[in-house]
*Asks:* 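There's a structure below that I have some questions on.
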Amino acid sequence: MPGNYRFSFGPWNIHEGADPFGPPVRESFAFDEKLKVYTQLGFEGVQFHDDDVVPQIDRYSQADALRKARDVKKRLDDLGLVAEFVAPRLWEDPRTADGAYTSNSASDRQYAIDRSLRAVEIAREVGCDRIVLWLAREGTYIREAKDPARAAGQIVEAVNHLLAADKGIRILIEPKPNEPMDLAYLPTMGHAVATAYLTDDPSRVGALMESAHAILAGLDPSDEMAYALRHKKLWSVHLNDQNGLKYDQDKAFGSVDLRRAFNQVRVLERHDYGQRGEWVGLDVKALRTQKREVSTAHLKHSKETFLLLVDKARSLDEATVSRLVAARDYEALDQLVLRHLLGARG
Ligand code: 3MF
Ligand code: MG
């Protein structure tokens, strides 16, 4: 297998299969069992929500929460694992029902900022300097409920609070156009990058591109990656797949559209992604139909597909690509790529 990429996923990617229409179908894996899966499958990086590190964080003082985080760090060290990022979970508490940083309630907005500041300290305790903001409920169900220009400013102010609280922390915005909201305020990479430039320290604000989120916005994930790369702001990815405009599926990488997956890998390869410490992150759900003993296969398969596509990206006949581009023979270019992906000879 080619490649010197490092892979990560989040503990939520090993789950019990509940969906909005049905309960869990598999017994849970304890946190320590999940950590063993990382080593078994060759993943070094762990993506965390703040309450993946400290379950029920709101019940604990910050001093107690940080003690618990130190214990998690020790368990990571013992297994040779690294925390990639910590993301404040700003969408489950009743105080986030109307949004977090953009809630119409001042006290609820304050809760969201305080909770995010706690997440920054937890990140430090587990040894990482990256905070991911998936702004789940920043948006509306009913257009007139909020002022969108004010909301854009509130998100910038919240990011500024985090930047000021810890001068070494970096913020990665993970855009998504919908779900749970009807319309979210930071739907695309363009919004994430533009928000970074509005903050007090744009050099410490970047983005995380999730394939399914780009597809839900009607965009091509490789173009979203490329846009952020050009701004030197592609600091992580959540690779997965999505079959058109419907509920957020988080299917195994490449499961729906192999060529779209190939182009994501190719753009990463062409821009030396990973050479500056970026992780290849997955955010994939096991199918509800999987039995418990095979409910981590989606992680193994997504990583395998990624590496097979690295091989495809590296072995594409780039001289012929250049010749066909120069001749503007895009029909032939199309077939060159299809034949390459299909492994056709001659
Ligand atoms: C939602 C997501 C989230 C984020 C995660 C980390 C549950 O569509 O992708 O996964 O990735 O919260 O920021
Ligand atoms: Mg994600």
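Just so we're clear, the structure is a prediction, and the values are computed from it rather than from any experiment. Indexing begins at 1, ligand by ligand and atom by atom, following the structure's order.
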*Asks:* Could you state the interatomic distance from CZ (F253) to CG (N240), rounded to the nearest 0.5 Å?
*Replies:*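 Between F253 CZ and N240 CG, I get 9.0 Å after rounding to 0.5 Å.
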*Asks:* Testing E84, E278, E210, Q47 for side chain to side chain donor-acceptor pair (under 3.5 Å) with S236, which one passes?
*Replies:*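 For S236, the side chain to side chain donor-acceptor pair (under 3.5 Å) check succeeds only for E84.
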*Asks:* Is there a polar contact between ligand 1 and E210, counting only N or O atoms under 3.5 Å apart?
*Replies:*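 E210 vs ligand 1: N/O contact under 3.5 Å present.
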*Asks:* Examine the side chains of S103 and S105 and answer whether a donor and an acceptor come within less than 3.5 Å of each other.
*Replies:*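 No, no side-chain donor-acceptor contact under 3.5 Å.
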*Asks:* In total, how many protein N/O/S atoms does one find closer than 2.8 Å to the Mg ion (ligand 2)?
*Replies:*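 The number of such protein atoms is 4.
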*Asks:* Between L133 and ligand 1, which residue portion shows a heavy-atom distance shorter than 4.0 Å: side chain, backbone, both, or neither?
*Replies:* neither
*Asks:* Does a side-chain N-to-carboxylate-O contact under 4.0 Å join D71 and K68?
*Replies:*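 No, no charged N to carboxylate O under 4.0 Å.
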*Asks:* Do Y101 and S116 pair up side chain to side chain, a donor and an acceptor below 3.5 Å, judged on atom types alone?
*Replies:* yes
*Asks:* When the ring centroid of W91 is compared with that of H49, is the distance short of 6.0 Å?
*Replies:* yes
*Asks:* Students should be able to answer this: which protein heavy-atom is nearest to atom 2 (C) of ligand 1, and at what distance?
*Replies:* D283 OD2, 3.5 Å
*Asks:* To check your reading of the model: name the closest protein heavy atom to atom 5 (C) of ligand 1, its residue, and the distance in Å.
*Replies:* H49 NE2, 3.2 Å
*Asks:* Give the contacting part of F48 toward ligand 1: side chain, backbone, both or neither, where contact means a heavy-atom distance below 4.0 Å.
*Replies:* neither
*Asks:* Any N or O of H213 that comes nearer than 3.5 Å to an N or O of ligand 1?
*Replies:*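 Among all N and O atoms of H213, at least one is under 3.5 Å from an N or O of ligand 1.
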*Asks:* I need the nearest protein heavy-atom contact for atom 7 (C) of ligand 1: residue, atom name and distance, please.
*Replies:*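 Of every protein heavy atom, W12 NE1, 3.6 Å lies nearest to atom 7 (C) of ligand 1.
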*Asks:* Is V267 close to Y273 at the side-chain level, that is, under 4.5 Å between some pair of heavy atoms?
*Replies:*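 The answer is no, as the side chains (C-beta and beyond) never meet within the 4.5 Å cut-off.
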*Asks:* For ligand 1, is any non-hydrogen atom under 4.0 Å from E174's backbone (N, CA, C, O), its side chain (CB onward), both, or neither?
*Replies:* side chain
*Asks:* Is it the case that over 12 heavy atoms from other parts of the model lie below 6.0 angstrom from the OH atom of Y247?
*Replies:*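 Open.
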